[in-house]
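The first residue in the sequence is number 1, and the count goes up from there.
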Amino acid sequence: METHYKTRLNLVFLVFLFLYIGIAFFARWNIIQSPIIQDRYNIYVAPHLKSSPLEILLSKHHRQIQIYKNAFSNILYQKFGVNEITFRAFSTIVSLLTILFIFIFTQKRIGRLEALVAALLFGVSYYSFLTIKNPYYGSFYMFGSFLSFYYLFKGLEENKIMHWCLFGGFSFLNFTNVLLGGMTLPVLFLVAIIYFFRKWKLIKFSISELKSRALCFLLFFGISTLAGLCLYHLRGLNLLGAFWDIAVTHEVDPKVNADNLVMEKSFHSGLLRLLYTVFVTFNFEHGDGSNSIIGIPEGPWIYFVFFLLGVWRLFHSHREVFWDFTAIFLMPILISGVILRISEARFLAFIHPFYLITVAIGFIYCFKYLVKLLSSEPIREGVILSLAFLLFVWGTHPKPLWGYSVYDELFETKNVREFRDYFRAHLKENDIIFNITDTTELRAEIGDALNLISYNFYLKEFKENHRLELLPLKTGRVGIWLILMTPLTNDNLVPFYFPGTYSPRLIEHVKNAYLYYGEIDIPKNIDILEDFQFTTPFWSFMKGFIFHSKSKFKEANVYYQAATQYGYNLERIYYNLGAINLNRLNIALSYFEKAIETIETPTLTKDINEVKSWQTYGSNKRGLPDIVNKLPQFRHIYVEKNGVKYKKWFVEDKIKAYPNYFSEFYINAVVILRTLYLKTGNPIYLKKIKMTLKKGAQLTNTPFLVMMYEVANTYDGTFLTENPNFKNLNEIKVPIISLLGINEMYPPIKMN
């Protein structure tokens, strides 16, 4: 009878074990196949794609280089190529292993029901999902920290050399994979101190046994920490000095993580925010650092109530685990919130598995009392585990996690990839895809079509034959495809890049992306006066630009001149007109001077409250975000013209961000003036050269212009012939300026 009873209990346990593990696998299988976001590819894949694993392990430190994930992934890329699965394989494997060790630890130290529910909670953890969708430090951070604790616990309990080696190994890996792993080191040290204090007080072990354990801990903890510091030093980061700067002087070395480390001005508000986000909202935040909560509003508080019950239960029934978990919960809060004044919950993500274990303990403790009147233990366990499944897989999430739709809603598992597959089946030879362009931006108040920079990974195969720039060169019936992030809903306004008769229809819609298609007729050899497709403000410039790039200067001039009549982005039009008129020096000079006058005209606004701004950062030589080379804050206002509003950036900010780009305006003008001076000897040109150099040096502060201005003020006109830095007219190649990064976003086209 007893054997049959145990068999029924084991059967219930196994059924729910497979159910819980099944939903964890199902969720990850859906997420691992979601499209790769372009900027994630640019940051996590492209900079390291040609590097060997050893080169990655010893690469210069950067916050985006997770050396073990990058090294492992690169091996997969070499064998299987870059795809959704190889991109996320490391984070997925690590996430599944974390579930396994959560189950093992909790089953041994607490109980098997608690272990099963803890595994379920991590299996459906929204934060764990995010670390797979956008594979960054969080996945290995939780895994490495948990296993460091797990093998420290095993080492202290059993004192086996294998466990101590694994403790030191995982502590080293966690610390060196990402700098935030260092946050676990004082926590592990405190856990060990608590252990020795309790054992010494309870006299459970002899003094010699405690000394043996203490020696092993100090040895492996010390070696792993010193090895980690040495590896960071080899990678160009003095970690001890950086920590001193943060803790004492409150100055952050840009190499550390400066754009994420935000020092809170208010100690109390920062600490409260940290406690709230770590213990209440962390598992439910939609995105890294977002305040948007997924699921039902009560979801975070349901978890928190069970967490408090779990803490109470640990204190009364598992005192040793209670003290260890207390150290894990409070020590990082003390370091981050009190000492460093940093209130970002994601920096303490390693707490999350321990938090979920405690939630599971509280849930089981609560429902064991609620079902204690049921007739048998197998039924009681079945009811408890069924309620856990319904509550945590369905009740607290937006939709049941056993359905496909929830993954598309939360993680956009369908997107541009589906459009790529549609193009492969339906794209015709004469078709154009608007989004594929390197020379302009399609962001606008209507539709918001992002250009190739956002889709390159999936759309690059169509670039050669179907990019936007080829449209004016097509003839006959041309099909045009367009991917928008918001649908076309305004019948009176259409995006600024629509040709004259383009009127597309919606073909397909996936999460936050809409595919449109329409056709236009383009006749051969049409005169601009009869061109009803390409004489909008945008296409007048673009058609001129395309003719210009093919050295058809006469045709380019016609469309550039038409573009000047609209008055948008004049500095680019005048610059390009100067470039195509270098055989007529005075005309070229007049255009370059007009371009200079345009960029020197300050941006005016009547109301300072209308000014909006955003901060962006530069990149280093490997294309990784670089806080050292950060760009100045970009400001913009909305301007109304002909009854339509459009966005206008402050040209002053663009000049500060890209001084070398704008210095070309002055350099080209000076080269022409020098040529004219050497031909005529007219002192007016010499005066203009000095004035142009002065304005260029003051506005752009570029070293070349500053140096040439100083030279011009020191010598007389002979500096023009004697100075080797001055190029002759036939030596310069004036690059064509495209519409990428324009100062004025074109307004929508108002329909008649």
Between Thr98 and Ile102, is any pair of side-chain heavy atoms under 4.5 Å apart? yes

Are the ring centres of Phe189 and Phe217 closer than 6.0 Å? yes

Reference residue Phe129; test ring-ring contact (aromatic ring centres under 6.0 Å, His included); the match among Phe284, Phe26, Phe411: Phe411

Tell me if the centroids of the rings in Tyr150 and Phe143 come within less than 6.0 Å of each other. no

Donor-acceptor pair, Tyr141 side chain versus Leu180 backbone, under 3.5 Å? yes

Distance flag, aromatic centroids of Trp402 and Phe389, threshold under 6.0 Å: yes

Report yes or no: does Tyr232 contribute a side-chain atom to a donor-acceptor pair with the main-chain N or O of Leu179 at less than 3.5 Å? yes

Thinking salt bridges, do Glu320 and Lys199 make one under a 4.0 Å N-O criterion? yes

May I ask you to decide if Thr92's main-chain N or O and Arg28's side chain share a donor-acceptor pair within less than 3.5 Å? no

Leu314 backbone acceptor or donor facing Ser317 side chain under 3.5 Å: no

Between the side chains of Lys368 and Glu377, is the shortest nitrogen-to-carboxylate-oxygen separation below 4.0 Å, so that they form an ion pair? no

Yes or no on side-chain contact (heavy atoms from CB on, under 4.5 Å) for His397 and Val406, after CA distance, side-chain angles and deciding distance? CA-CA 9 Å; His397 279 268; Val406 67; 5.7 Å; no

Taking Leu401's backbone N and O only, do any of them form a donor-acceptor pair with Tyr407's side chain (distance below 3.5 Å, no angle check)? yes

In this structure, OG of Ser386 is separated from CD1 of Ile379 (nearest 0.5 Å) by 11.5 Å

Report yes if some heavy atom in the side chain of Phe304 is under 4.5 Å from a heavy atom in the side chain of Tyr276; otherwise report no. no

Begin with the C-alpha distance, continue with both residues' side-chain angles, and end with the deciding distance and a verdict on side chain to side chain donor-acceptor pair (under 3.5 Å) for Asn174 and Ser171. CA-CA 5 Å; Asn174 186 46; Ser171 180; over 6 Å; no

Output, in order, the C-alpha distance, side-chain angles, deciding distance and verdict of side-chain contact (heavy atoms from CB on, under 4.5 Å) for Thr184 and Phe175. CA-CA 8 Å; Thr184 62; Phe175 180 31; over 6 Å; no

Measure from the ring center of Phe329 to the ring center of Phe307 and say whether it is less than 6.0 Å. yes

Quick check against the 3.5 Å criterion: does Arg213 have a side-chain atom that pairs as donor or acceptor with the backbone of Leu156? yes

With ring centroids as reference points, do Phe90 and Tyr68 lie under 6.0 angstrom apart? no

Has Arg319 got its NZ or CZ under 6.0 Å from the middle of the six-membered ring of Phe315, at an angle within 45 degrees of the ring axis? yes

Tyr41 and Leu49, any side-chain heavy atoms less than 4.5 Å apart: yes

Stepwise side-chain contact (heavy atoms from CB on, under 4.5 Å) check, Phe122 with Tyr127: CA-CA 9 Å; Phe122 194 85; Tyr127 180 73; over 6 Å; no

Heavy-atom donor-acceptor pair, Tyr458 side chain to Ile36 backbone, under 3.5 Å: yes

May I ask you to decide if Leu385's main-chain N or O and Tyr20's side chain share a donor-acceptor pair within less than 3.5 Å? yes

Close aromatic pair by centroid cut-off 6.0 Å: Phe149 and Phe350: no

One pair to check against side chain to side chain donor-acceptor pair (under 3.5 Å): Ser91 and Thr131. What are the steps and the verdict? CA-CA 7 Å; Ser91 295; Thr131 65; 5.9 Å; no

In this structure, CH2 of Trp164 is separated from CG of Asn159 (nearest 0.5 Å) by 6.5 Å

Donor-acceptor check, side chain of Arg417 to backbone of Gln33, threshold 3.5 angstrom: yes or no? yes

Phe306 vs Phe363 aromatic rings, parallel, tilted or perpendicular, using cut-offs 30° and 60°? perpendicular

Less than 6.0 angstrom separating the ring centers of Phe101 and Phe105, yes or no? no

Once rounded to the nearest 0.5 Å, what's the spacing between atom CD1 of Ile43 and atom CD1 of Ile65? 11.5 Å

side-chain contact (heavy atoms from CB on, under 4.5 Å), that's the test. Do Tyr195 and Glu157 meet it? Break it down for me. CA-CA 9 Å; Tyr195 174 86; Glu157 285 290 306; 3.6 Å; yes

Which heavy atom of Gln38 sits nearest a heavy atom of Phe457, and at what distance? OE1-N, 2.6 Å

With a 4.5 Å limit on heavy-atom distance, are the side chains of Ile67 and Leu231 in contact? yes

Rounded to the nearest 0.5 Å, how far apart are CG of Leu190 and CG of Asp324? 9.0 Å

Thr225 side chain to Gly222 backbone, donor-acceptor under 3.5 Å: no

Quick one: sort the Phe170 and Tyr151 rings into parallel, tilted or perpendicular, breaks at 30° and 60°. parallel

So, do Val393 and Leu120 sit near enough that their side-chain heavy atoms are less than 4.5 Å apart? yes

Considering non-hydrogen atoms only, spot the tightest contact between Ala327 and Val191 and give its length. CB-CG2, 4.2 Å

Are the side chains of Arg313 and Leu309 in contact, using a 4.5 Å heavy-atom criterion? no

When rounded to the nearest 0.5 angstrom, what is the spacing between CG in Leu274 and CG in Leu334? 11.0 Å

Are the ring centres of Phe354 and Phe146 closer than 6.0 Å? yes

Enter the distance from Ile335:CD1 to Leu330:CG here, rounded to the nearest 0.5 Å. 11.5 Å

Is there side-chain contact between Lys69 and Phe140, with at least one heavy-atom pair below 4.5 Å? no

